[in-house]
Amino acid sequence: MTVIKLTNTKTRKKEVFTPIDADNVRMYVCGPTVYDRAHIGNARPVIVFDVLYRLLRHVYGADHVTYVRNFTDVDDKINARAEASGRSIREITDETTQWYLDDMRAVGALDPNEMPRATEYIPQMIAMIETLIAKGHAYSDGAGHVLFSVNSYEKYGALSGRSVDDMIAGARVEVADNKRDPMDFVLWKPSSDDQPGWDSPWGYGRPGWHIECSAMSYELLGESFDIHGGGNDLMFPHHENEIAQSCCAHGHDHDGGGFANYWLHNEMLQVEGKKMSKSLGNFFTVRDLLDGHDGMASVPGEVIRFVFLSTHYRKPMDWTAEKAEQAKKTLWKWRSFSNGVVASKPSPEIVKALADDLNTHDALSELHRLASNLDAFENGADMPPFDVDAAYSEFVASANLLGLLTPELGRWAEEAVDLSVFSMLLEAYRSRAKETKDFSEVDSLKSSLLAAGVEVRMTKDGVELDAGPNFDASKLEGVGIPPVFDTWKQGGLL
RNA sequence: GGCGAGUUGGCGGAGUGGUUACGCAGCGGAUUGCAAAUCCGUGUACACCAGUUCGAUUCUGGUACUCGCCUCCA
């Protein structure tokens with residue numbers, strides 16, 4: 001069995017991963033609040049944990065992993081969006097949820113096994129809040145709010161390495177009259193008539209932010225499970241609060257045990273070296289990239305995925321157009337010679353790289369090695385004999401483990417372009433030039449083709465033209481086909 | 001102010017107590033009418049200052065700089 005090592009935020013160390021139950025490895029990842037299109041930063045945890053999901057399925061078996069990623073469909077940002085647009089909340093959350101699924105599938109993310117919506121787990125949240133009150137970890141302020149008492153949980157702050165005293169000293173906490181401690185956070189809050197709400201023991205209201213993940217993970221994965229993931233911006237307060245709620249609700253208020261054993265956090269994403277923000281004009285959504293935006297060419301989902309995988313998940317990642325361009329060229333080439341190959345088993349080296357704390361970059365390096373080996377073979381390099389078919393199959397299987405070179409993501413590279421007219425013309429010019437030694441016509445046509453993104457290869461056997469990754473058919477419109485060409489064609493000279 | 005991360009060759013980006021990362025770009029050669037593609041060869045990097053060590057880019061301490069979180073933004 002492959003040994004997987006993961007960096008656990010809880011211990012700040014890379015640890016050997018041992019599941020609670022190898023027959024059912026359980027992972028929970030915090031999903032989106034559905035009020036708008038996912039920006040490219042949102043895609044990072046999705047891709048990172050998708051790779052982990054694929055690795056776990058590879059190691060423990062596809063039917064022995066349960067991956068849960070929620071949709072937060074009750075939130076004040078959604079309320080604000082509904083009010084501003086005049087549309088209903090449900091309309092907005094349904095639409096945004098579908099967008100999210102479409103966009104994440106477009107970057108090659110498998111659907112998790114469960115995708116619970118927060119609003120379908122309100123009774124479970126209320127039950128958990130009642131338990132917390134009964135155990136003395138939460139209190140009602142009598143005005144419709146229920147708050148979690150951070151002082152009732154001595155390990156509060158352990159995940160993010162903060163103490164309650166430090167944070168209060170930081171003076172960034174909101175002071176409110178109804179809190180026993182400034183760090184106490186809301187489990188339940190009252191709703192007005194025009195806000196979404198549910199009846200509860202504390203009146204008509206809605207849940208606070210953190211309780212949903214505690215309630216849904218408990219419901220779907222149990223009191224204890226293996227992995228909990230998310231962006232590192234969620235470490236505090238969201239994950240800290242989840243831990244406090246869950247541990248206290250399930251009798252682990254003194255040891256901090258139970259709940260998730262391994263906490264994984266991905267680093268943030270930047271764009272061209274800067275934090276993505278609307279004011280800098282470098283803010284864009286996954287859909288913007290997929291469809292093309294602001295005059296920029298569209299970026300295939302597979303290319304987005306490749307770029308993300310080229311940086312380790314615990315390091316800040318910089319999205320640049322340059323990286324996307326390089327990734328596109330690489331994938332184009334890999335696709336061109338692996339087209340139609342049936343995947344077998346991934347290379348042990350790829351599995352090893354991923355098992356070492358998801359070293360996706362190292363896995364890509366290994367993929368490069370496998371690819372260049374095949375490439376060298378294709379080009380007739382002098383090399384020791386090997387099982388060529390097996391090598392192709394292993395290459396594709398290895399890429400598949402990373403979610404690359406899958407059939408679903410291949411459409412962008414499959415546009416068949418008929419360039420036969422141009423290759424015949426080029427061939428004709430060339431044979432004539434060989435007689436006359438005047439290559440100007442050949443060179444002129446060649447430059448036009450190159451400018452349009454066509455790969456031109458002339459060998460002694462003939463001319464070969466292929467549309468490259470940046471092929472632009474419109475640039476070929478101006479290339480003249482001389483009338484004599486038709487004559488040749490009709491005369492059977494070509 | 002508190003917590004945390006990072007600083008690697010032209011660029012991107014892994015990794016390691018002593019030996020080649022890898023990719024892209026570059027350079028030389030083969031090949032080509034010229035190219036492209038491909039093949040062969042090529043670069044000796046690890047912020048700074050101390051310390052530990054036979055030996056540190058890799059461990060320890062410090063300095064500088066960058067960045068993230070502490071604002072229901074992944």
Side-chain angles (χ1 to χ4, degrees), chain A residues 9 12 29-33 36 38-49 72 75-77 157 159-163 165-174 183 185-186 208-210 212 229-238 240-241 265-270 273-278 283 307 310-312 314-318 320 322-323 325-327 329-330 333 353 356 359-369 371-372 375-383 430 433-434 436-440 442-443 446-447 449-450 454-460 463-466 468:
Chain A
T9 307
R12 317 257 155 186
V29 175
C30 293
T33 298
D36 204 353
H39 62 250
I40 64 164
N42 297 120
R44 193 165 191 203
V46 174
I47 292 172
V48 165
F49 292 104
T72 298
D75 183 280
D76 288 351
K77 284 198 294 283
L159 180 73
S160 54
R162 302 154 200 249
S163 73
D165 290 344
D166 285 346
M167 287 183 277
I168 292 171
R172 286 267 203 130
V173 292
E174 170 195 358
M183 291 305 296
F185 57 92
V186 172
W209 174 32
H210 318 290
E212 58 183 82
N232 74 356
D233 57 332
L234 290 181
M235 207 159 86
F236 186 89
H238 184 56
E240 201 70 72
N241 293 352
H265 291 97
N266 62 275
E267 250 293 348
M268 299 291 103
L269 177 140
Q270 299 186 320
K274 295 191 171 141
K275 178 172 176 162
M276 182 167 64
S277 74
K278 287 179 178 165
F283 182 98
V307 172
S310 67
T311 299
H312 187 86
R314 284 190 294 106
K315 290 220 174 164
M317 196 206 103
D318 196 16
T320 65
E322 166 77 22
K323 284 183 180 178
E325 196 49 43
Q326 272 191 23
K329 282 183 188 162
T330 302
K333 189 170 163 181
D356 183 14
N359 196 335
T360 51
H361 183 92
D362 213 21
L364 288 178
S365 294
E366 182 60 23
L367 226 39
H368 272 292
R369 281 184 208 105
S372 72
D375 213 13
F377 170 78
E378 288 293 343
N379 284 283
D382 184 23
M383 53 207 304
R430 188 158 170 255
K434 277 180 179 167
T436 64
K437 302 295 172 199
D438 176 7
F439 286 88
S440 57
V442 180
D443 289 337
K446 188 178 71 180
S447 332
L449 291 167
L450 291 173
V454 176
E455 292 166 4
V456 180
R457 280 184 289 279
M458 290 187 252
T459 67
K460 39 182 183 289
V463 169
E464 196 181 327
L465 299 182
D466 277 313

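Each chain gets a letter, A, B and so on, in the order its sequence line appears, and its residues count up from 1.
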If I take atom [atom1] from residue [X] and atom [atom2] from residue [Y], how far apart are they, to the nearest 0.5 angstrom?
X      : Y      : atom1 : atom2 : answer
A:L269 : A:H39  : CG    : NE2   : 7.5 Å
A:L367 : A:H361 : CG    : NE2   : 12.0 Å
A:R44  : A:M268 : CZ    : CE    : 8.0 Å

Spacing of the [atom1] atoms in [M] and [N] (rounded, Å):
N     : M     : atom1 : answer
B:A64 : B:U71 : P     : 27 Å
B:C54 : B:C39 : P     : 46 Å
B:A25 : B:G15 : P     : 24 Å
B:G6  : B:G26 : P     : 33 Å
B:C69 : B:A21 : P     : 35 Å
B:C24 : B:G4  : P     : 40 Å
B:A45 : B:G9  : C1'   : 4 Å
B:U7  : B:G43 : P     : 25 Å

Testing the basics here: between [X] and [Y], what is the closest heavy-atom pair and its distance to 0.1 Å?
X      : Y      : value
A:T72  : A:D75  : CG2-CB, 4.5 Å
A:V307 : A:A327 : CG2-CB, 3.8 Å
A:M458 : A:R430 : SD-CD, 3.3 Å
A:N266 : A:P45  : OD1-CB, 3.3 Å
A:R12  : A:L159 : NH2-O, 2.5 Å
A:T9   : A:H265 : OG1-ND1, 2.7 Å

Rounded to the nearest Å, what distance is computed from the [atom1] atom of residue [X] to the [atom2] atom of nucleotide [N]?
X      : N     : atom1 : atom2 : answer
A:H238 : B:U71 : NE2   : P     : 15 Å
A:M183 : B:C72 : CE    : P     : 11 Å
A:D356 : B:G15 : CG    : P     : 7 Å
A:N232 : B:G68 : CG    : C1'   : 6 Å

Test item: A:E240 side-chain N/O and A:S160 main-chain N/O as donor-acceptor pair under 3.5 Å: yes
Atom pairs, protein N/O to nucleotides 5-13 of chain B N/O, distance under 3.5 Å:
unit_1	atom_1	unit_2	atom_2	d
B:G12	O3'	A:K323	NZ	3.3
B:G13	OP1	A:K323	NZ	2.9
B:G13	O2'	A:H361	ND1	3.2
B:G13	O2'	A:H361	NE2	2.9

Looking at every strand, decide which applies to [X] at a 4.0 Å heavy-atom threshold: base, sugar-phosphate, or nothing.
X      : answer
A:L269 : base
A:Q270 : sugar-phosphate
A:N266 : base

Pair A:Q270-A:D318, side-chain donor/acceptor within less than 3.5 Å: no
Geometric class of the A:F185/A:H210 ring pair [parallel <30°, tilted 30-60°, perpendicular >60°]: perpendicular
Under 3.5 Å, N/O pairs linking protein and nucleotides 32-37 of chain B:
unit_1	atom_1	unit_2	atom_2	d
B:G33	N1	A:D443	OD1	2.9
B:G33	N2	A:D443	OD1	3.2
B:G33	N2	A:D443	OD2	2.7
B:C34	O2	A:K446	NZ	2.6
B:C34	N3	A:K446	NZ	2.8
B:A35	N6	A:M458	N	3.3
B:A35	N6	A:M458	O	2.4
B:A35	N1	A:M458	N	3.0

Position toward the 5' end of RNA chain B (nearest nucleotide), A:G161 or A:H210: A:G161
Base-pairing string, 5' to 3', of RNA chain B - Watson-Crick or wobble, under 3.5 Å, | interstrand: (((((((..(((.....[...))).(((((.......)))))....(((((..]....))))))))))))....
Any donor-acceptor N/O pair under 3.5 Å between B:A74 base and A:H265 side chain: no
